[in-house]
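Just so it is clear, the model here is predicted, and its values are computed rather than measured.
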Amino acid sequence: MNKTEFLKKLNISQNEALLYLKMAFPSDKEVYDDEDMGKVAMVMTLKRLGLDYDKISCFMECPCARMTLLNQQRILLLDKLHDQQKLLDEIDYLIHDLKGRDMVK
């Protein structure tokens, strides 16, 4: 399929699609296939996981760095998750404390 058909098939904004294409394929292509769709889907997943442009480009260009990049991002996401869990624990404590004082019913 040509570039226009490929962009439509992605079902996202053209600006976003062009950015993902640039990350997946540093040199411009004229014809795309299902394997190319898989590469763009990978870029979209990496973006959703929070990797920035440089890390995604590195991921796509250097297979030897992929596990390192994914493990680094996993650690970052776990840290954020733990921070959010601490906030939820604080809210639960306040709710429990207020109920114990009969301030809120």
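Residues D36 and M1 form no side-chain contact, since every pair of their non-hydrogen atoms from C-beta on lies 4.5 Å or further apart. Counting only heavy atoms from C-beta outward, the side chains of M23 and F59 never approach each other to under 4.5 Å. Contact annotation: the side chain of Y32 never approaches that of K9 to less than 4.5 Å [non-hydrogen atoms, C-beta and beyond]. Side-chain contact between Y20 and L10 is absent, with no heavy-atom pair separated by less than 4.5 Å. When side chains are defined from C-beta on, L94 does not count as touching E90, because their heavy atoms never get closer than 4.5 Å.
To the nearest 0.5 Å, atoms CG (L46) and CZ (R66) are separated by 9.0 Å. Taking CD from E16 and CG from N11, the interatomic distance works out to 11.0 Å, rounded to the nearest 0.5 Å. Between the CE atom of M44 and the NZ atom of K47 there is a distance of 12.0 Å, given to the nearest 0.5 Å. With rounding to the nearest 0.5 angstrom, the CZ atom of F6 is 4.5 Å from the CE atom of M37. Here the CG atom belonging to L70 is positioned 11.0 Å from the NZ atom belonging to K55, to the nearest 0.5 angstrom. Atom NZ of K8 and atom CG of N2 lie 9.0 Å apart (nearest 0.5 Å).
Residue Q72 qualifies as enclosed at atom CD: its count of foreign heavy atoms under 6.0 Å is above 12. Around the CE atom of M42, the shell of radius 6.0 Å holds no more than 12 heavy atoms that belong to other residues, nucleotides or ligands. At most 12 non-hydrogen atoms from other residues, nucleotides or ligands lie less than 6.0 angstrom from CD of E35. The number of heavy atoms from other shown groups lying within 6.0 Å of CZ (R74) does not exceed 12.
The two atoms that bring E61 and P26 nearest to each other are OE2-CG, 3.7 Å, heavy atoms only. Pairing each heavy atom of A24 with each of V40, the nearest pair is CB-CG2, 4.1 Å.
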Item to check | Audit row: Q73, L69, side chain to side chain contact (heavy atoms under 4.5 Å, CB included) steps and yes/no | outcome: CA-CA 6 Å; Q73 192 64 20; L69 290 167; over 6 Å; no
Next on the checklist: Pair Q14, T4 - check side chain to side chain contact (heavy atoms under 4.5 Å, CB included), show working.
Outcome noted: CA-CA 10 Å; Q14 187 163 354; T4 303; over 6 Å; no
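Remark: side-chain polar atoms of N71 are paired, donor with acceptor, to backbone N or O of M67 under 3.5 angstrom. Remark: the backbone N or O of L81 is not paired with any side-chain donor or acceptor of Q84 at under 3.5 angstrom. Distance alone, capped at 3.5 Å, is enough to place a donor-acceptor pair between the H82 side chain and the L78 backbone. A donor-acceptor contact shorter than 3.5 Å is absent between the side chain of D79 and the backbone of L76.
Exactly one of V43, T45, L49 qualifies for a side-chain contact (heavy atoms from CB on, under 4.5 Å) with I56. That residue is V43.
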